[in-house]
Amino acid sequence: QVQLVESGGGLVQAGGSLKLSCAASGRTFSRYAMGWFRQAPGKEREFVATITSSGRNTYYTEAVKGRFTISRDNAKNTVYLQMNSLKPEDTAVYYCAVAGSSQSYLPRTNDLYDLWGQGTQVTVSS
């Protein structure tokens, strides 16, 4: 069974840090870009960060630049999201996803991803 499983979410005070993990199983994703998205209550799912298959290149939404870092370990079939200086507006369910094509370069929209995790809740208190 091919699946992505996120972990590492939780409750943290503003200014704190969390590190999310997304473990892939069922097949190897080392040839595909991967990304993180988030969805706050009452809002649409939005792009957060993406990383190339090699891990050498990344791209972030403006709201998290300088605070979040996406990385991956292809040997472990895992992608990470280190989140520092968290703000209450970062509160959301965070999802990882795998690009639908190995040709996608730093994809930033939902439709370019075809496999999603179940999500992990991140809550930042003020």
Side-chain angles (χ1 to χ4, degrees):
Q1 181 180 2
V2 179
Q3 62 177 356
L4 302 175
V5 179
E6 300 100 333
S7 61
L11 173 64
V12 64
Q13 288 188 331
S17 299
L18 283 174
K19 186 174 184 177
L20 306 183
S21 299
C22 171
S25 62
R27 66 179 174 96
T28 300
F29 296 99
S30 60
R31 293 175 55 239
Y32 295 82
M34 296 187 73
W36 286 95
F37 289 73
R38 65 186 181 186
Q39 187 168 20
K43 295 187 176 181
E44 294 187 352
R45 188 175 301 186
E46 65 173 0
F47 167 78
V48 176
T50 182
I51 187 167
T52 54
S53 57
S54 67
R56 283 193 288 268
N57 298 97
T58 59
Y59 185 84
Y60 301 88
T61 192
E62 194 65 34
V64 308
K65 281 183 180 177
R67 300 188 297 123
F68 290 13
T69 302
I70 187 172
S71 61
R72 67 190 294 164
D73 184 339
N74 285 338
K76 295 182 178 179
N77 230 13
T78 301
V79 64
Y80 305 96
L81 186 68
Q82 176 68 48
M83 306 185 294
N84 298 329
S85 301
L86 282 162
K87 305 175 181 180
E89 51 263 45
D90 295 318
T91 295
V93 177
Y94 283 71
Y95 299 88
C96 67
V98 180
S101 168
S102 61
Q103 303 304 309
S104 289
Y105 180 73
L106 297 177
R108 306 166 200 177
T109 56
N110 291 345
D111 61 310
L112 295 177
Y113 292 83
D114 70 350
L115 180 64
W116 295 81
Q118 83 290 348
T120 185
Q121 176 70 47
V122 171
T123 303
V124 184
S125 63
S126 57

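For clarity, every value in this text was computed on a predicted model and none was experimentally measured.
In this structure, the side chains of V79 and I70 come closer than 4.5 Å at one or more pairs of heavy atoms. Using a 4.5 Å heavy-atom cutoff, the side chains of F47 and T109 are not in contact. You'll find the side chain of V124 stays beyond 4.5 Å of the side chain of K87, heavy atoms only.
Y94 and F68 have tilted rings, their planes meeting at an angle from 30° to 60° on a 0 to 90° scale.
A donor-acceptor pair under 3.5 Å is absent between the side-chain atoms of D90 and the main chain of V122, judged by distance alone. The backbone N or O of V5 sits nowhere less than 3.5 Å from a side-chain atom of Q118 that would complete a donor-acceptor pair.
Here the CG-OG1 distance, from L106 to T58, works out to 7.5 Å after rounding to the nearest 0.5 Å. One distance of note links CG of L81 with CD of E6; it measures 11.0 Å at 0.5 Å rounding. Considering OG of S53 and CG of N74, their distance stands at 7.5 Å, rounded to 0.5 Å.
For residues 104-117, there are no salt bridge (charged side-chain N to carboxylate O under 4.0 Å, His left out) pairs, not counting sequence neighbours. The salt bridge (charged side-chain N to carboxylate O under 4.0 Å, His left out) pairs that include a residue from residues 71-82 number zero, where partners must be two or more places apart or lie in different chains.
Residues satisfying the side chain to side chain contact (heavy atoms under 4.5 Å, CB included) test with S104, not counting sequence neighbours, are A99, S101, P107. Under the rule for a side-chain hydrogen bond (donor to acceptor under 3.5 Å, both in side chains), T69 has no partner lying at least two apart in sequence or in another chain. Every residue meeting the side chain to side chain contact (heavy atoms under 4.5 Å, CB included) condition with E46, not counting sequence neighbours, appears here in chain and number order: R38.
The neighbour count for K43 NZ, taken as heavy atoms of other residues, nucleotides or ligands under 6.0 Å away, does not exceed 12.
Side-chain N/O atoms of T123 and Q121 include a donor and acceptor closer than 3.5 Å.
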Practice problem: Show your reasoning for whether side chain to side chain donor-acceptor pair (under 3.5 Å) applies to T50 and Y113. | Solution: CA-CA 11 Å; T50 182; Y113 292 83; 3.1 Å; yes
Quiz prompt | Derivation and outcome, side-chain contact (heavy atoms from CB on, under 4.5 Å), residues N57 and I51 | solution = CA-CA 6 Å; N57 298 97; I51 187 167; over 6 Å; no
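Both V93 and W116 are part of a single hydrophobic cluster, where members link through side-chain heavy atoms under 4.5 Å apart.
Between Y95 and F37, the distance separating the two ring centers is not shorter than 6.0 angstrom.
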Atom pairs and distances, side-chain donor-acceptor, residues 8-36, under 3.5 Å, sequence neighbours left out:
residue, atom, partner, partner atom, Å
S17, OG, N84, OD1, 2.9
W36, NE1, Y80, O, 3.3

